[in-house]
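What follows is a set of notes on a single structure, which appears directly below.
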Amino acid sequence: MSIGVEFPLDNDFARQGRAKSSTQFGIPDLTHHRRRAELADQLGFRALWLRDVPLWVPAFGDAGQVFDPFPYLGYLAGVTDSILLGTAAVVLPLRHPLHVAKMAASIDQLSGGRLILGVASGDRPIEYPAFDADFESRGERFRSSVDTIRTAWRDSSDPEDTVKVLPPPAQNPIPLVAVGRAQQTTDWIASTMDGYMTYHRPGGLMKPVVNRWNHAVPDGQGKPLLTTMLVDLAEDPGAPPEPIRFGARLGRNSLVRYLGELEESGVGHVALNFRPSTRPIEDALEEVAKHVLPAFS
């Protein structure tokens, strides 16, 4: 199992006392975003994950990492060396699939083949009218968009082709991961996509989810299940886990055991989100890199 980091690399909990109004709580502080992304790369985290939040709705209190994922991925490709760059996830029904295919292929070339394209159907009905898109048919549009993207990436030397999407991806092809169910069946996701990212559950509750996923994946393909986890890393290395929404407040020794249970359940990758941390982000990143990452491949 590998360990990644989810953007924004911000300490929202510690900032709340400095916020001027409640509407600022969902907007991250991006002052140190480059330095923290470079640090995660240097420390050996496997992937950086970005979200696609097309419109900020204060009622949801979540602006993602603010920057649109594709230009931001291009920026990150230029300031990092080896860490994978993932989207979790691009809202396909709100974007034209050919634009997504071209932007993703461009990022993959610029990063030297480091992109993982996580895609989703979206779950915020308020966004759809603004984009002149139908919320109820988003599942159908998701399937159609996946087909279009894969076709656009396909290398074709057919002289009858009159148009092509350039550049081609550096990878052949870019891994496509379903983030959430995207209004699809597990069997469709397992047969069509290259992986599946689901919301956080402790190891014991994750095992049946992984078992269902592995049962649906065609024999011999070994497609991974990925998940996320919110972490508030305690100063005391031995602090036991205290559940928080989609994660836990715990010390590093407990984090190793907690992640070990996820690994035993069959999870292939965990993206850690440090926004609820009461400690500086740099301290949390460095402690996890030194004491937690070595326990996992």
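Predicted model only: the values in this text are computed from it and were never measured.
In this structure, Tyr72 and Phe7 have perpendicular ring planes: the angle between them is above 60°, well past the 30° mark.
A donor-acceptor pair is defined here as one N or O able to donate and one able to accept, closer than 3.5 Å; no such pair exists between the side chain of Trp213 and the backbone of Gly195. Listed for the Gln184 side chain is a donor-acceptor partner under 3.5 Å among the backbone atoms of Ala182. Using a distance-only test at 3.5 Å, with no hydrogens or angles considered, no donor-acceptor pair links the side chain of Glu263 to the main chain of Gly268. Under the 3.5 Å distance criterion, the side-chain polar atoms of Thr80 are left unmatched by any main-chain donor or acceptor of Glu38. A donor-acceptor contact shorter than 3.5 Å links the side chain of Asn11 to the backbone of Ser277. Counting only distance, with no hydrogens or angles, the side chain of Lys102 and the backbone of Leu166 share a donor-acceptor pair below 3.5 Å. Checked by atom type and distance alone, the side chain of Asp194 pairs as donor or acceptor with a backbone atom of Leu176 at under 3.5 Å. Although no hydrogens or angles enter the test, the distance criterion places a donor-acceptor pair under 3.5 Å between the side chain of Trp153 and the main chain of Ala101. Judged by distance alone, the side chain of Thr192 and the main-chain N or O of Ile189 form no donor-acceptor pair under 3.5 Å.
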Let me check something: any side-chain donor-acceptor pairs from residues 288-295 under 3.5 Å, sequence neighbours excluded? List them with distances.
none

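Applying the side-chain hydrogen bond (donor to acceptor under 3.5 Å, both in side chains) test to residues at least two apart or on different chains, the pairs with a partner in residues 81-94 are Asp41-Ser82. The salt bridge (Lys or Arg N to Asp or Glu O under 4.0 Å) pairs that include a residue from residues 139-148 number zero, where partners must be two or more places apart or lie in different chains. The salt bridge (Lys or Arg N to Asp or Glu O under 4.0 Å) contacts involving residues 106-131 comprise Asp62-Arg124, where partners must be two or more places apart or lie in separate chains.
A donor and an acceptor atom, one from each side chain of Thr278 and Asp232, are located under 3.5 Å apart. When only modelled atom types and interatomic distance are considered, Thr228 and His200 share no side-chain donor-acceptor pair under 3.5 Å. Donor-acceptor pairing under 3.5 Å is lacking for the side chains of Asp187 and Thr185. Under 3.5 Å, the side chains of His32 and Arg35 contain a donor-acceptor pair of N or O atoms.
Counting only heavy atoms from C-beta outward, the side chains of Leu117 and Val100 approach each other to under 4.5 Å.
Salt bridge absent: Glu261 and Lys207 never bring a charged side-chain N and a carboxylate O closer than 4.0 Å. Here Arg279 pairs with Glu287 in a salt bridge; the nearest charged N to carboxylate O distance falls below 4.0 Å.
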Between Arg34 and Tyr75, is the side-chain contact (heavy atoms from CB on, under 4.5 Å) condition met? List the steps. CA-CA 9 Å; Arg34 170 177 174 166; Tyr75 175 82; 3.0 Å; yes
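Across every non-hydrogen atom of Ala216 and Thr186, the tightest pair is CB-CG2, 3.8 Å.
Aromatic pair His33/Phe67: centroids less than 6.0 angstrom apart.
Listed by chain and number, the residues in a side-chain contact (heavy atoms from CB on, under 4.5 Å) with Pro71 are Asp68 (sequence neighbours excluded).
Geometric assessment of Arg138 against the ring of Phe142 yields a negative cation-pi assignment under the 6.0 Å and 45° thresholds.
Under a cut-off of 6.0 angstrom, the local environment of CZ in Phe131 is crowded, with over 12 non-hydrogen atoms contributed by other residues, nucleotides or ligands.
Through chains of ILVMFWY side-chain contacts below 4.5 Å, Trp49 is grouped with Leu84, Ile116, Val177, Val179, Met197, Leu226.
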